[in-house]
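Reviewing the structure listed below.
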There are 2 protein chains.
Amino acid sequence: MSDRPYHHGDLRDALLTAAAAVIEESGPAAVTLRDLARRVGVSHAAPAHHFGDRAGLMTALATDGYSRLADAVERLGPVTDLRAAGVAYVSFAVGDRGRFEVMFRPELVHQDDPALRAAQARAMGALQAAVAGWSADRAEDPETVAVAAWSLVHGFATLWLQGVLPPDLGADAATAASAVAGVLTGTD
Amino acid sequence: MSDRPYHHGDLRDALLTAAAAVIEESGPAAVTLRDLARRVGVSHAAPAHHFGDRAGLMTALATDGYSRLADAVERLGPVTDLRAAGVAYVSFAVGDRGRFEVMFRPELVHQDDPALRAAQARAMGALQAAVAGWSADRAEDPETVAVAAWSLVHGFATLWLQGVLPPDLGADAATAASAVAGVLTGTD
DNA sequence: CAACCAATCTTGTCATTGACAAGTTCACCT
DNA sequence: AGGTGAACTTGTCAATGACAAGATTGGTTG
């Protein structure tokens with residue numbers, strides 16, 4: 001019918017990239033299998049072959065996101081200042097917003113997917129390892145401290161992405177995140 | 001056709017309550033105007049009369065949520081310990097999960113809705129007033145401190161709701177929130 | 001008290017979507 | 001050369017959101 005080749009060649013990645021782009025523009029609710037297919041130039045049922053269903057596509061995107069987050073944190077190495085880890089976390093969320101927004105929406109993905117769980121575990125392990133050195137210096141229970149640190153950076157990232165934070169913080173998320181994380185560390 | 005009265009009498013509130021219940025069970029993506037209509041016992045187009053469209057219903061639900069949050073925080077009065085405000089915030093999120101989940105999803109609501117913005121402003125004002133006394137004692141810029149506090153409790157609430165936090169924190173969100181907030185205040 | 005009126009709710013319809021089924025094309029391997 | 005399975009297609013169905021037009025009702029006014 002059309003002159004495009006029957007085999008796309010890289011359809012899976014193309015769909016994931018397109019999905020991330022749609023989410024960055026309009027949020028996860030705007031992601032439609034048929035729209036992605038149109039954007040990439042394939043038939044409306046092609047995505048189902050690679051991902052099964054819509055949740056399958058979201059699962060693949062979230063898995064990809066956890067892997068990238070783990071990469072970013074592992075590149076960091078062990079940190080003694082929470083701010084470095086916080087900046088990495090927030091930078092990932094802002095820079096890879098399309099994936100980050102799906103990672104913490106359990107209702108959109110197949111939570112029991114093995115690949116997802118593995119990538120999730122790797123990212124969490126990397127985060128914990130990165131913060132371990134810092135939290136050891138604190139008086140409180142290390143786990144409570146880790147949860148506080150995670151809550152702080154995660155909350156900041158989501159609030160920043162939603163644009164509800166006061167504009168006085170500036171336009172650079174990393175700089176603002178560092179300042180906010182400094183409140184927890186007590187450094188200035 | 002059926003024997004139910006033509007006028008429901010309290011359809012608007014009934015739909016909002018049903019929507020909150022659906023979200024608590026299955027998340028915002030599971031909310032369907034037609035399903036809500038069925039649950040409440042009206043025709044499939046009845047919801048549109050009260051809310052216009054799906055986003056209109058979500059907007060009303062979010063507005064309701066901001067009002068309830070503002071009520072909860074104002075009941076608190078001025079606080080000198082962040083933990084009290086944090087517990088109130090998290091308790092609202094966990095207790096009114098169906099509304100909380102919609103309040104921070106800009107893509108689901110009509111963000112420019114006047115009633116929404118008013119309720120939002122009231123809630124944010126109440127939070128800021130509650131924390132003002134506490135943040136004044138800190139060395140850092142008060143606004144940065146306020147953002148840090150908000151980020152911490154908001155992040156904790158969302159992570160808690162998603163069930164990704166370690167189970168060692170216990171089953172009571174308020175207790176865990178108090179402990180985690182204590183890391184920021186430095187009190188133990 | 002009757003007639004109206006605006007709000008409330010209904011039925012009917014349409015384009016879009018996700019999911020599924022069955023067929024077609026193609027790359028690769030033997 | 002031939003087959004074999006993965007990649008992709010067309011076709012279809014029920015469900016949904018949105019819209020249009022009509023039916024019902026409580027209140028309100030003349």
Side-chain angles (χ1 to χ4, degrees), chain A residues 1-19 21-23 25-62 102 105-111 113 115, chain B residues 1-19 21-23 25-62 102 105-111 113 115:
Chain A
M1 181 167 281
S2 82
D3 52 355
R4 69 178 137 88
Y6 198 97
H7 280 167
H8 181 280
D10 197 23
L11 182 55
R12 205 189 121 96
D13 280 354
L15 288 170
L16 288 177
T17 303
V22 170
I23 296 175
E25 292 172 15
S26 321
V31 172
T32 278
L33 293 181
R34 292 171 108 104
D35 177 49
L36 295 181
R38 275 187 295 261
R39 286 169 183 251
V40 170
V42 292
S43 81
H44 66 87
H49 176 71
H50 289 278
F51 303 106
D53 54 8
R54 205 187 100 110
L57 186 143
M58 297 299 199
T59 303
L61 196 62
V102 174
R105 301 269 169 99
E107 81 269 15
L108 296 182
V109 305
H110 291 139
Q111 294 176 252
D113 182 82
Chain B
M1 181 164 283
S2 83
D3 52 355
R4 68 179 138 87
Y6 199 98
H7 280 169
H8 180 280
D10 196 24
L11 182 55
R12 205 189 121 98
D13 281 353
L15 288 170
L16 288 178
T17 303
V22 170
I23 296 175
E25 292 173 17
S26 321
V31 171
T32 278
L33 294 180
R34 291 170 108 104
D35 177 49
L36 295 181
R38 275 188 296 264
R39 285 169 183 253
V40 170
V42 293
S43 81
H44 65 87
H49 176 72
H50 289 277
F51 303 107
D53 54 9
R54 206 187 100 110
L57 186 143
M58 296 298 197
T59 304
L61 196 61
V102 174
R105 302 271 167 98
E107 80 269 16
L108 295 181
V109 305
H110 291 138
Q111 293 176 253
D113 182 83

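These numbers come from the heavy atoms of this one structure, side chains and all, not from hydrogens, waters or symmetry mates. Every chain is numbered from 1, with letters handed out A, B, ... down the list of sequences. These numbers were taken from a predicted model, which means no experiment stands behind them.
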Quick tally for nucleotides 15-20 of chain D: nucleotides whose base has a protein heavy atom under 4.0 Å get B, sugar-phosphate-only ones S, the rest -, giving -BBBB-

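An end-to-end axis angle of 10° holds for the helix from C/dC1-D/dG30 to C/dT30-D/dA1, taken from five base pairs per end and rounded to 10°.
Taking the side chain as every heavy atom from C-beta outward, B/Val31 and B/Leu61 never approach each other to under 4.5 Å. Counting heavy atoms from C-beta on, the side chains of B/Pro28 and A/Glu107 come closer than 4.5 Å.
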Run B/Phe51 and B/Leu15 through side chain to side chain contact (heavy atoms under 4.5 Å, CB included) and show every step you take. CA-CA 10 Å; B/Phe51 303 107; B/Leu15 288 170; 3.8 Å; yes

request  = For B/Leu11 and B/His49, run side chain to side chain contact (heavy atoms under 4.5 Å, CB included): C-alpha distance rounded to whole Å, both residues' side-chain angles, the deciding distance at 0.1 Å, then the answer.
outcome  = CA-CA 10 Å; B/Leu11 182 55; B/His49 176 72; over 6 Å; no

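How far NE2 of A/His110 is from CZ of A/Arg54: 11.0 Å, rounded to the nearest 0.5 Å. Going from atom NE2 of A/His44 over to atom CG of A/Leu36 covers 14.0 Å, rounded to the nearest 0.5 Å. The structure places NE2 of B/His50 at 10.0 Å from CG of B/Leu16, a figure rounded to the nearest 0.5 Å.
Heavy-atom minimum distance, B/Ala60 versus B/Arg12: CB-NH2, 3.9 Å.
Between B/His49 and C/dT8, a side-chain N or O to OP1/OP2 separation shorter than 4.0 Å is present.
Between the P atom of D/dT9 and the NE2 atom of A/His50 lies a distance of 9 Å, rounded to the nearest Å.
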